[in-house]
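Here the structure is laid out as structure tokens; the discussion comes afterwards.
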Amino acid sequence: MNKKSELKWTRKHLLGIEELSAEEIRLILDGVSGFKEVLGRPIPKVPALRGRTIVNLFCEPSTRTRSSFELAAKRLSADTLNVTASSSSFVKGETLKDTARNIEAMNIDMIVMRHSCPGAPHFLSRFIKTSIVNAGDGPHEHPTQALLDVYTIKEKLGRIEGLNVSIIGDIAHSRVARSNIWALTKLGAKVTVCGPKTLMPAGIEKMGVKVTYDITEAVKGADVLNVLRIQRERQKRAFFPSIREYVRCFGITAELLRKYAKKEVVIMHPGPINRGVELSQDVADGEYSVILDQVTNGVAVRMAVLFLLNQVRTTEVE
Ligand code: CP
């Protein structure tokens with residue numbers, strides 16, 4: 001993990017972590033610290049993407065990812081345009097394919113897209129010439145979230161290989177869980193997933209993870225606890241008896257950490273947090289929480305991604 005990658009980036013799109021090699025993940029992560037340095041300057045901007053236009057096409061709500069991609073593009077001197085489903089011709093019945101092709105006809109360079117359908121960015125990548133970045137496709141993947149999570153872990157603990165990372169909560173509906181599992185296992189971490197049986201996808205062991213339904217087992221020996229949001233908007237029925245029951249069985253509290261966690265355990269959450277449900281207030285804001293560091297690192301990680309994709313696009317245009 002500490003060795004710099006010698007690989008050259010060749011992908012036009014970033015659609016998921018599953019298809020990336022460990023070397024490709026390392027190549028992206030290698031670029032992040034340079035962009036963090038840029039973000040710490042009095043004028044946090046470089047001309048790398050001057051003349052490029054990046055469209056944020058978001059068909060699902062977002063605070064962190066959309067703002068982060070927009071800032072990343074602006075810090076690289078690209079022009080940006082935001083298109084949201086609720087204020088576009090989607091509401092008049094225009095298809096995703098037509099929307100994307102019309103936006104592309106305005107001579108843009110990249111589309112960053114979030115959609116509730118798994119595979120929506122993969123589908124679009126077959127029809128348009130523009131680079132596509134998956135900013136979350138339903139419960140499938142959220143590649144830049146996994147990249148910023150892995151970067152944050154490495155920044156805090158100095159490595160990924162050999163670490164014990166527990167991912168806790170609503171695994172079944174979580175694109176963050178899937179992308180994190182791919183990234184962490186490819187980089188040599190040992191991953192445990194923990195949550196109610198009803199929120200655990202069948203066959204998840206095939207992704208190379210250990211499964212437990214006992215929160216104390218997930219917490220003991222873990223270097224990192226990545227705690228997921230209960231995604232009530234994706235749950236079509238009740239997957240556990242009550243929120244109170246969920247908190248009692250799977251909520252991460254200061255008392256649980258005091259009893260079972262390693263002394264310097266790193267607490268992560270992709271946001272938005274259901275405070276008092278998956279994480280207690282004091283843990284969310286406590287000394288081991290890196291939740292806001294994740295958000296800060298997200299801008300530099302997305303700058304690194306946009307920078308690499310632009311290099312491929314530049315080669316294609318020349
Ligand atoms: N982590 C994440 O994807 O947050 P948003 O939904 O606010 O973008």
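In this text the structure is predicted, and so the values were computed from the model without any measurement. Excluded from the calculations below are hydrogen atoms, water molecules and symmetry mates; all remaining heavy atoms, backbone and side chain alike, are included. Ligands are counted one by one from 1 in listed order, and the atoms in each one are counted from 1 as well.
Given atom 6 (O) of ligand 1, the protein heavy atom at minimum distance is Arg114 NH1, 2.9 Å. The protein heavy atom nearest to atom 2 (C) of ligand 1 is Thr65 OG1, 3.5 Å. For atom 7 (O) of ligand 1, the closest non-hydrogen atom on the protein side is Thr63 N, 2.8 Å. In terms of protein heavy-atom proximity, atom 4 (O) of ligand 1 is nearest to Arg64 NE, 3.0 Å. Protein heavy atom closest to atom 1 (N) of ligand 1, with residue, atom name and distance, is Pro270 O, 2.8 Å.
For a threshold of 3.5 Å applied to N or O pairs, the pair formed by Arg66 and ligand 1 contains no separation below that value.
Salt-bridge check for Glu255 with Arg258: failed, with every basic side-chain N at 4.0 Å or more from each acidic carboxylate O. Using a 4.0 Å cut-off between charged nitrogen and carboxylate oxygen, Arg175 and Glu60 count as a salt-bridge pair.
If you number the atoms of ligand 1 from 1 as listed, the ones under 4.0 Å from a heavy atom of Gly271 come out as 1 (N), 2 (C), 4 (O).
Every heavy atom of Gly136 sits 4.0 Å or more from the atoms of ligand 1.
Lys45 and Ser77 share no donor-acceptor pair across their side chains, judged by distance under 3.5 Å alone. A donor and an acceptor atom, one from each side chain of Thr130 and Glu104, are located under 3.5 Å apart. Looking at Ser68 and Thr65, their side chains never bring a donor and an acceptor atom within 3.5 Å of each other.
Put simply, Tyr260 and Ile168 are part of the same group of oily side chains (I, L, V, M, F, W, Y) that touch within less than 4.5 Å, one to the next.
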